Amino acid sequence: MKIAFMGTPDFSVPCLRALAESGHEIVGVFCQPDKPVGRKQELHQPPVKQEALRHGFRVLQPTSLRGGQGVALLKELQPDLVIVVAYGKILPADFLAFPKYGCVNIHASLLPKYRGASPIHWAVMAGDAQTGVTVMQMDEGMDTGDILLVKKLPIPPDATTEEMFERLSELGAAAMLEAIRGIEEGTLTRTPQDHAAATTVGLLTKEMGAIDWRKPAKEIHNLIRGLYSWPGAYTSLHGKRLKLLRARCSDKSGKGAPGTVLIQNGALLVVCGDGQCVELLEVQPEGKKRMDAASFLNGRGAADGDQFEMTE
RNA sequence: CGCGGAGUAGAGCAACCCGGUAGCUCGUCGGGCUCAUAACCCGGAGGUUGUAGGUUCAAAUCCUGCCUCCGCAA
């Protein structure tokens with residue numbers, strides 16, 4: 001089968017790699033244009049582009065697919081099927097309709113839950129016990145297409161978004177191959193989504209990482225692991241920003257205002273709104289490298305009784 | 001030149017402003033106490049202070065170049 005692939009970030013790479021090894025003919029790989037990244041604004045190639053080049057695939061980075069621009073490219077490539085994994089742009093109707101088998105998307109949630117951007121973050125932040133990947137036949141809406149295939153995956157209580165990213169991207173690749181096989185053999189059934197049960201999530205912002213210590217410990221822990229490793233949760237101590245990288249719910253409760261630091265048996269605990277504590281395991285002070293809680297305390301980064309400030 | 005912080009024993013820091021041969025917490029090694037211990041007590045090892053040069057009687061400390069790491073911003 002002649003397949004065109006569309007994707008941009010790390011999450012898409014396992015799918016592209018699986019596709020490359022599948023024996024299908026890859027007629028082209030779409031991804032977002034190179035963007036300036038890093039402290040020095042260097043132009044950076046999206047992970048998918050790097051992977052595509054490694055395989056010698058043709059790379060296309062159109063700024064827009066609208067106004068027939070996308071279709072013009074498809075006419076040239078003549079794919080039977082287009083696989084879309086975290087591409088980052090809405091595909092217009094004429095584009096979706098062009099390939100013989102249409103466009104199929106791999107989405108990292110159990111649709112219709114968490115339609116939209118960053119579904120994995122939201123699932124972890126919500127403290128969900130289960131997530132998965134959904135393969136769907138794309139339509140014009142945002143993740144509203146008919147479901148072709150679903151694969152579920154449990155979310156361990158302390159798992160971070162980063163860990164789930166890895167597992168889900170691998171699972172996504174497996175689901176994708178299975179779906180392609182199904183499409184070729186005509187064995188897949190299309191199941192419409194229950195639109196009434198749909199939830200949609202938006203882009204993440206950095207400000208979301210600001211910890212409000214008045215919230216329950218469980219919620220704070222979910223926020224920290226849900227935003228790990230990007231954009232990251234943070235608080236403020238002595239006027240400096242402190243990134244909170246890893247934590248866990250402590251069975252200890254503590255007196256004191258929310259945000260109070262307690263040091264017990266070498267553990268760095270913080271009192272939360274419900275009186276329960278979260279134990280910080282790994283932090284990163286502004287301008288410093290990441291370090292475990294013990295190092296932070298040894299260097300006197302925080303002392304018993306300190307107050308974390310709640311940044312706006 | 002986008003703004004800013006930092007490179008000192010295995011780890012995290014102090015001493016730098018007001019130059020004078022390096023200190024703290026932890027780890028590590030040995031010994032002691034204890035039924036026992038990640039607890040406590042005693043003792044030891046471990047650093048040419050990122051790198052190159054300059055100023056000086058003397059530089060971790062002042063000056064200059066270079067390398068590296070990181071926060072903000074993207």
Side-chain angles (χ1 to χ4, degrees), chain A residues 7-13 31-50 59 61-64 86-89 116-118 120-121 158 160-162 165 201-213 220 223-254 259-270 277-312:
Chain A
T8 300
D10 288 317
F11 184 81
S12 321
V13 171
C31 66
Q32 296 299 313
D34 296 358
K35 282 180 184 171
V37 153
R39 255 180 282 269
K40 303 207 165 176
Q41 299 278 298
E42 292 157 342
L43 219 52
H44 196 70
Q45 301 181 340
V48 162
K49 180 178 182 180
Q50 295 177 28
V59 174
Q61 298 174 282
T63 335
S64 170
Y87 175 59
K89 271 192 171 62
S118 33
I120 305 174
H121 293 88
D158 285 320
T160 61
T161 291
E162 182 172 82
F165 244 90
V201 294
L203 289 166
L204 299 170
T205 62
K206 301 240 178 161
E207 301 79 63
M208 291 173 54
I211 298 287
D212 180 351
W213 296 103
I220 290 174
L223 186 68
I224 293 173
R225 67 198 183 96
L227 295 180
Y228 183 84
S229 60
W230 192 90
Y234 59 91
T235 187
S236 191
L237 182 62
H238 305 144
K240 300 246 182 182
R241 176 170 294 214
L242 183 71
K243 283 191 175 183
L244 309 181
L245 303 174
R246 303 302 300 263
R248 69 176 167 212
C249 284
S250 168
D251 51 4
K252 306 250 172 48
S253 56
T260 301
V261 174
L262 300 178
I263 295 168
Q264 286 181 19
N265 300 322
L268 174 53
L269 306 175
V270 190
C277 291
V278 290
E279 180 183 355
L280 302 182
L281 301 174
E282 206 173 354
V283 300
Q284 180 170 23
E286 180 177 322
K288 304 247 177 221
K289 295 187 184 182
R290 61 188 302 159
M291 63 185 78
D292 56 38
S295 295
F296 185 62
L297 293 177
N298 280 333
R300 292 289 137 60
D304 194 81
D306 275 351
Q307 265 294 321
F308 281 129
E309 299 128 25
M310 294 192 228
T311 33
E312 75 278 17

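None of the values given here were measured: they were computed from a predicted structure. Quick note on labels: first sequence line is chain A, next is B, and so on, each numbered from 1. Just so you know, these numbers use all the heavy atoms, side chains as well, and skip hydrogens, waters and symmetry mates.
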Fill in: Protein-nucleotide distance (A:K288, atom NZ; B:C72, atom C1'), rounded to Å
16 Å
Discussion item. Classify the ring geometry of A:W213 against A:F308: parallel below 30°, tilted from 30° to 60°, perpendicular beyond 60°.
Written reply: parallel
Item to complete: To the nearest Å, give me how far apart CD (A:Q284) and C1' (B:G5) are.
Response: 12 Å
Worksheet item: Quick one: ring pair (Phe, Tyr, Trp, His ring centres under 6.0 Å) partners of A:Y87, sequence neighbours excluded?
Response: none
Discussion item. In whole Å, measure the gap between the C1' atoms of B:A14 and B:U8 for me.
Written reply: 10 Å
Discussion item. Tell me whether A:T161 contacts the main-chain N or O of A:S229 through its side chain, where contact means a donor paired with an acceptor under 3.5 Å.
Written reply: no
Discussion item. Measure CE/A:M291 against P/B:A6 and give the value in whole Å, please.
Written reply: 13 Å
Worksheet entry | Duplex segments of RNA chain B, taken as runs of at least three Watson-Crick or G-U pairs that stay under 3.5 Å | B:2-7 with B:67-72, B:10-13 with B:23-26, B:28-32 with B:40-44, B:50-54 with B:62-66
Discussion item. Give me the distance, rounded to whole Å, that separates B:G20 from B:U37 when you measure between the P atoms they each carry.
Written reply: 45 Å
Discussion item. Using atom C1' in both nucleotides, what's the gap between B:C35 and B:A45 to the nearest angstrom?
Written reply: 32 Å
Discussion item. Between the side chains of A:R248 and A:E279, is the shortest nitrogen-to-carboxylate-oxygen separation below 4.0 Å, so that they form an ion pair?
Written reply: yes
Worksheet entry | Whole-Å C1' distance, B:A39 and B:G32 | 14 Å
Worksheet entry | Out of B:C72, B:C24, B:A74, whichever nucleotide has its closest atom nearest the side chain of A:R300 | B:C24
Worksheet item: Does A:K240 have a side-chain nitrogen or oxygen under 4.0 Å from the phosphate oxygens OP1 or OP2 of B:G5?
Response: no
Practice prompt. Would you check if A:V59 and A:C31 make a side-chain contact, meaning some heavy-atom pair closer than 4.5 Å?
Written response: yes
Item to complete: Could you tell me the separation between the CG atom of A:N265 and the P atom of B:U37, rounded to a whole number of Å?
Response: 18 Å
Discussion item. If I pick the P atom on B:C3 and the same atom on B:A74, what distance separates them, to the nearest angstrom?
Written reply: 15 Å
Worksheet item: Under 4.0 angstrom, heavy atoms only, what part of the nucleic acid is A:K35 near: base, sugar-phosphate, or nothing?
Response: nothing
Practice prompt. Round to the nearest Å and state the distance from A:E286 atom CD to B:C72 atom P.
Written response: 8 Å
Item to complete: Nearest whole angstrom, please: distance from the C1' of B:C13 to the CZ of A:F296.
Response: 11 Å
Worksheet item: When the P atoms of B:A6 and B:C17 are considered, how many whole Å apart are they?
Response: 15 Å
Worksheet item: Mind checking what makes side-chain hydrogen bond (donor to acceptor under 3.5 Å, both in side chains) contact with A:S295, not counting sequence neighbours?
Response: A:D292
Discussion item. Check whether A:T235 reaches the backbone of A:E309 with its side chain - one donor and one acceptor, N or O, closer than 3.5 Å.
Written reply: yes
Practice prompt. With RNA chain B as reference, determine whether A:S295 or A:K289 sits nearer its 5' end, using the nearest nucleotide of each.
Written response: A:S295
Worksheet item: If the P atom of B:C18 is compared with that of B:C63, how far apart are they to the nearest Å?
Response: 10 Å
Practice prompt. Report yes if the side chains of A:R246 and A:T160 come closer than 4.5 Å at any heavy-atom pair, otherwise no.
Written response: yes
Response to the item:
Atom CG of A:D292 and atom P of B:C26 are separated, to the nearest Å, by 15 Å
Fill in: Separation of atom CG in A:L237 from atom C1' in B:G12, rounded to whole Å
15 Å
Worksheet entry | Between B:C26 and B:C16 - P atom distance, rounded Å | 23 Å
Fill in: A:W230 side-chain proximity, nearest of B:C72, B:A74, B:C70
B:A74
